[in-house]
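First comes the structure, then the notes that go with it.
Whatever order the structure lists ligands and atoms in, that order sets their numbers, starting from 1.
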Amino acid sequence: MKAKTILITGAGSGIGRDAAFALAARGHRVIATTADEAQATALRAESERRGQRLQVRKLDITDPADRESLRDEPLDVLINNAGVGESGSLAEVDVQRIRQTFEVNLFSTLALSQVALAGMIARRSGTVLFVSSIAGRVPMPFLMPYSMSKFALSAGAAGLRAELDRLRCGVQVALIEPGAIHTGFNQRMTERKYAWMQQSSYFAGQVEQLRAEETRVFRLLEARSSDGIVAKIVLAAQAKRPRLRYVSPWWQGLGVQLARIFGV
Ligand SMILES: NC(=O)c1ccc[n+]([C@@H]2O[C@H](COP(=O)([O-])OP(=O)(O)OC[C@H]3O[C@@H](n4cnc5c(N)ncnc54)[C@H](OP(=O)(O)O)[C@@H]3O)[C@@H](O)[C@H]2O)c1
């Protein structure tokens, strides 16, 4: 397989960092980007330590100047992995929190993809991967600010794929849909709502019960390692014609399909 130039966002931690090292280990030139300079410095140090050379740079996807700095970078693959989590009931969560979540998970992700797509369409080659979520296929009560942003992202990616197919420009689009994976993301997301729910909430009397339920569910569901989803990212990044969706763990994907059949 020919080595590719692959840019991944949100590579300072979790799935993004693991995917960056996995792709570099397969001989690809990986541009691993992080939300801030501090993460970039830490990732450079880790890259040195592991002897796996990543090209590390800061890319805050919400910063238009950071996004534009990539316009002349000839990318074979863009992996939109950066994301934020937000929680709380739709009956009361501050809509500004939902906006901020969409700003990162949808609008900035799309804006960055458009920058990369300009070069890919001109060169008639390239792949854009969107790391969405199983939470983008089944509504997750109390995690809806996040879940809705991933629903929108998944729908957008499927639509974009069909649009580009009509152009016959050789540019591929695919979705990576992780189930619950223990990176700390879910714990940070679920906790965010409790700071304000303890002050004022329709659900104030249920806060401790809700927290215990969420802790139990994620302890039960979360895969302990990112290996499964990273393998799917590698597969999709290397594929000539990737499938629309790559899910891991597989049994969570099956759960989603069953939930939809039964009308959840
Ligand atoms: N873990 C799961 O169970 C799970 C399940 C389904 C989908 N996902 C998705 O998988 C992706 C990676 O999540 P993860 O679990 O690996 O959690 P993570 O370690 O928190 O990774 C998310 C990364 O995105 C970065 N980021 C946030 N805002 C950014 C911005 N404006 N510009 C650039 N980078 C930004 C974060 O940086 P900071 O640390 O500075 O915020 C962090 O490094 C996310 O899109 C997430 O929605 C995760």
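- Backbone and side-chain nitrogen or oxygen atoms of Ser13 are examined, and one is located within less than 3.5 angstrom of a nitrogen or oxygen of ligand 1.
- Taking distance alone, with nitrogen or oxygen atoms compared against 3.5 Å, Ala180 stays at or beyond that limit from ligand 1.
- Here Lys150 has side-chain heavy atoms under 4.0 Å from ligand 1, and that is the only part of it that gets that close.
- Of the listed options Gly83, Gly10, Ala35, Gly83 places a heavy atom closest to atom 27 (C) of ligand 1.
- Under a 4.0 Å criterion applied to the non-hydrogen atoms of Asn186, ligand 1 contributes the atoms 2 (C), 3 (O).
- Atom 38 (P) of ligand 1 is flagged as protein-proximal [any protein heavy atom, distance under 4.0 Å].
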Apply salt bridge (charged side-chain N to carboxylate O under 4.0 Å, His left out) to Glu86 and Lys193, showing your working. CA-CA 8 Å; Glu86 187 57 84; Lys193 63 184 170 301; over 6 Å; no
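- In this structure, Asn105 contributes its side chain and Val84 its backbone to a donor-acceptor pair below 3.5 Å.
- In the vicinity of Val84, heavy-atom distances shorter than 4.0 Å reach the ligand 1 atoms 27 (C), 28 (N).
- Put simply, no part of Thr9 is less than 4.0 Å from ligand 1, judged by heavy atoms.
- Two residues are said to be in side-chain contact when any heavy atoms from C-beta on lie closer than 4.5 Å; Leu75 and Ile31 meet this criterion.
- Close approach to Gly14 involves these atoms of ligand 1, each under 4.0 Å from a residue heavy atom: 16 (O), 19 (O).
- Electrostatic pairing of Arg71 and Glu68 counts as a salt bridge here, judged by a charged N lying under 4.0 Å from a carboxylate O.
- With a 4.5 Å cut-off on side-chain heavy atoms, Phe21 and Ser47 count as touching.
- Listed by number with element, the atoms of ligand 1 under 4.0 angstrom from any heavy atom of Thr62 are 31 (N).
- Contact of the Phe185 side chain with the Ile15 side chain is not registered, since no non-hydrogen atoms from C-beta on lie closer than 4.5 Å.
- The proximity of Ala11 to ligand 1, defined as any non-hydrogen pair under 4.0 Å, does not occur for either the backbone or the side chain.
- Of the N or O atoms in Tyr146, one or more lie within a sub-3.5 Å distance of an N or O in ligand 1.
- Under 4.0 Å is where a charged nitrogen must lie from a carboxylate oxygen, and between Glu214 and Arg211 no such pair does.
- On a distance-only criterion, Gln39 and ligand 1 share at least one N/O pair closer than 3.5 Å.
- With a 4.0 Å heavy-atom cut-off, ligand 1 is reached by the backbone of Asn81 and by its side chain too.
- At least one heavy atom of Leu59 sits closer than 4.0 Å to an atom of ligand 1.
- Taking the six-membered ring for Trp and thresholds of 30 and 60 degrees, Phe107 and Phe102 have ring planes inclined between 30 and 60 degrees apart.
- Exactly one residue among Gln114, Gln172, Met120 makes a side-chain contact (heavy atoms from CB on, under 4.5 Å) with Val128. That residue is Met120.
- Between Asp60 and ligand 1, a contact under 3.5 Å exists for at least one N or O pair.
- At least one heavy atom of Gly179 sits less than 4.0 Å from an atom of ligand 1.
- Distance check on atom 33 (C) of ligand 1: some protein heavy atom falls below the 4.0 Å cut-off.
- For ligand 1, one of its N or O atoms has an N or O atom of Ile181 under 3.5 Å away.
- By the 4.5 Å heavy-atom criterion applied to side chains, Asp76 and Ile6 are not counted as neighbours.
- The contact set between ligand 1 and Ala82, taken as ligand atoms under 4.0 Å from a residue heavy atom, comprises 24 (O), 26 (N), 33 (C), 34 (N), 35 (C), 45 (O).
- Residue contacts with ligand 1 do not include Ser226, since none of its heavy atoms lies under 4.0 Å from the ligand.
- Below 3.5 Å of separation, one finds an N or O of Ile61 facing an N or O of ligand 1.
- In this structure, Arg188 has a heavy atom closer than 4.0 Å to ligand 1.
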